[in-house]
A.B. asks: 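Please see the structure below; I have some questions.
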Amino acid sequence: MNKLKYSKKEILIMIKNVLLVVIGTVILAFGTGVFLFPYDIITGGIAGISITLNNIIPEFEFLSLKSYDIYVFVITWGLFLLGLIVLGKSFSLKTLISTIVYSPVFSFSVRLVENNAFNGFFDIASKYGELSVLLGAVFGGAFVGVGCAIAFLGGGSTGGTDIIAFVICKWFKKFRSSVIIFILDVVVVLAGIFVLKDLTLSLLGIASAFICAIVIDKLFLGESQAFIAQIVSDKYEEINHAIITKLDRTTTILEATGGFSKQEKKVVMVSFTMRQYSTLINIVNIIDKTAFVSINRAHEINGEGWTRPSPDPEKE
């Protein structure tokens with residue numbers, strides 16, 4: 001039986017990516033536990049579901065665990081198992097690190113506020129009154145956005161309700177995952193409005209979600225979730241094969257001539273998503289660190305594996 005062998009470079013890259021996912025998840029869980037959860041600010045996702053349940057079901061403790069500990073743990077691991085069963089091991093491995101780290105860090109972060117840790121340093125409500133809710137929404141959204149962006153840079157996924165969206169998209173291939181994720185978050189926020197019956201908190205939750213999206217856009221996405229890379233390398237065949245097998249993206253091989261050297265070159269062109277950014281860079285660095293790589297954001301990509309807009313009947 002052949003054992004997988006990794007080079008020192010590959011091991012270092014994997015360690016770096018794992019650290020990025022861990023750091024991103026810690027920031028995400030900390031921001032949620034300190035700034036959003038204590039003030040019942042619902043922005044969607046697992047935390048939003050937990051806040052809603054926390055306000056519906058009477059508080060209870062089990063083996064020194066509070067209600068929110070149990071909710072977050074059960075929902076997080078339940079969704080992970082759903083992804084493992086429906087989406088397979090490859091996808092689930094990308095969410096495993098976040099699944100392991102999120103629950104304990106979230107519970108610890110909430111207790112920083114509840115127990116007045118460090119002389120109430122994390123309890124902004126004790127000093128700023130009603131302004132604390134606004135501060136919680138702003139900084140909660142920012143922390144969540146930064147955490148997600150860092151995790152994406154590590155090639156990982158924060159999992160959560162995203163898994164439900166990917167499962168739905170697997171069964172109904174015409175749907176876009178981004179649209180389903182948005183719809184799920186809207187459902188969670190609307191449920192929060194119905195349960196909390198507080199329009200101000202609900203509006204702050206929506207504002208916080210927008211802040212999170214803006215932070216992710218600025219830190220990672222720029223103006224688009226799609227990218228196009230052009231890779232010039234003498235090892236283009238190896239890079240092309242790795243992209244097809246590991247990134248699960250089709251490629252285009254272009255003929256080119258060096259402007260200075262006048263030598264014939266091959267260019268591998270591939271379109272990919274934000275979550276595949278780190279994986280693509282790692283593939284190229286491992287195979288040929290001297291390769292010339294140009295990456296541009298794509299305004300729009302249509303075709304197989306991407307979205308093709310419906311024809312406008314008025315133009316037909």
Side-chain angles (χ1 to χ4, degrees), residues 17-52 54 68-69 71-73 75-76 95 97-118 120-128 130-162 181-182 184-185 188-189 192 201-222 274-275:
N17 289 342
V18 169
L19 287 176
L20 285 174
V21 174
V22 170
I23 293 171
T25 304
V26 168
I27 294 174
L28 166 64
F30 175 82
T32 305
V34 171
F35 296 109
L36 299 179
F37 193 86
Y39 307 104
D40 286 341
I41 299 173
I42 298 178
T43 61
I46 292 176
I49 297 173
S50 300
I51 292 172
T52 303
N54 217 38
Y68 57 77
D69 296 317
Y71 297 147
V72 171
F73 179 85
I75 296 171
T76 301
T95 65
I97 298 173
S98 288
T99 302
I100 294 172
V101 174
Y102 183 82
S103 294
V105 175
F106 171 82
S107 298
F108 173 77
S109 299
V110 176
R111 285 170 171 78
L112 289 177
V113 179
E114 290 181 341
N115 300 329
N116 293 318
F118 304 103
F121 179 78
F122 294 100
D123 187 8
I124 55 179
S126 63
K127 300 178 182 179
Y128 300 103
E130 294 180 357
L131 180 61
S132 63
V133 183
L134 177 60
L135 293 173
V138 172
F139 283 91
F143 267 79
V144 171
V146 170
C148 289
I150 292 176
F152 292 157
L153 285 171
S157 168
T158 54
T161 52
D162 290 6
I181 291 171
F182 174 76
L184 290 173
D185 286 339
V188 174
V189 171
L201 280 179
S202 300
L203 292 175
L204 284 173
I206 295 172
S208 185
F210 273 111
I211 292 172
C212 172
I214 291 171
V215 170
I216 294 176
D217 284 347
K218 296 301 181 182
L219 287 181
F220 188 78
L221 299 180
M274 65 175 183
R275 298 192 180 194

A.B. asks: Among all residues two or more places apart in sequence or in another chain, which pass the side chain to side chain contact (heavy atoms under 4.5 Å, CB included) test with Ile100?
C.D. replies: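 Partners of Ile100 under the side chain to side chain contact (heavy atoms under 4.5 Å, CB included) test: Trp77, Leu96.
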
A.B. asks: Provide the closest heavy-atom pair for Ile41 versus Gly136 in the form atom of the first, atom of the second, distance.
C.D. replies: CD1-C, 3.9 Å

A.B. asks: My understanding is that only residues two or more places apart in sequence, or in another chain, count here; which of them pass side chain to side chain contact (heavy atoms under 4.5 Å, CB included) with Thr76?
C.D. replies: Ile46, Val72, Thr99, Tyr102, Ser103

A.B. asks: Kindly write out the residues that satisfy side chain to side chain contact (heavy atoms under 4.5 Å, CB included) with Asp185, not counting sequence neighbours, or none if the list is empty.
C.D. replies: Thr161, Ile181

A.B. asks: Which pair of heavy atoms, one from Phe37 and one from Asn54, lies closest together, and at what distance?
C.D. replies: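 In this case the closest contact between Phe37 and Asn54 is CZ-ND2, 3.8 Å.
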
A.B. asks: With a 3.5 Å cut-off and sequence neighbours excluded, list the donor-acceptor pairs that the side chains of residues 23-35 form with protein atoms.
C.D. replies:
from  : atom 1 : to    : atom 2 : distance (Å)
Thr25 : OG1    : Val21 : O      : 2.8
Thr25 : OG1    : Ser98 : OG     : 2.8
Thr32 : OG1    : Leu28 : O      : 2.9

A.B. asks: Not counting sequence neighbours, list each pair that qualifies as a side-chain hydrogen bond (donor to acceptor under 3.5 Å, both in side chains) and has a residue in residues 207-216.
C.D. replies: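 Those involving residues 207-216 do not exist here.
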
A.B. asks: Do the non-hydrogen side-chain atoms of Ile42 and Leu201 ever get within less than 4.5 Å of each other?
C.D. replies: no

A.B. asks: What pairs with Ser107 under side chain to side chain donor-acceptor pair (under 3.5 Å), at least two apart in sequence or on another chain?
C.D. replies: Asp69

A.B. asks: Heavy-atom distance under 4.5 Å between the side chains of Leu36 and Thr43, does that happen here?
C.D. replies: yes

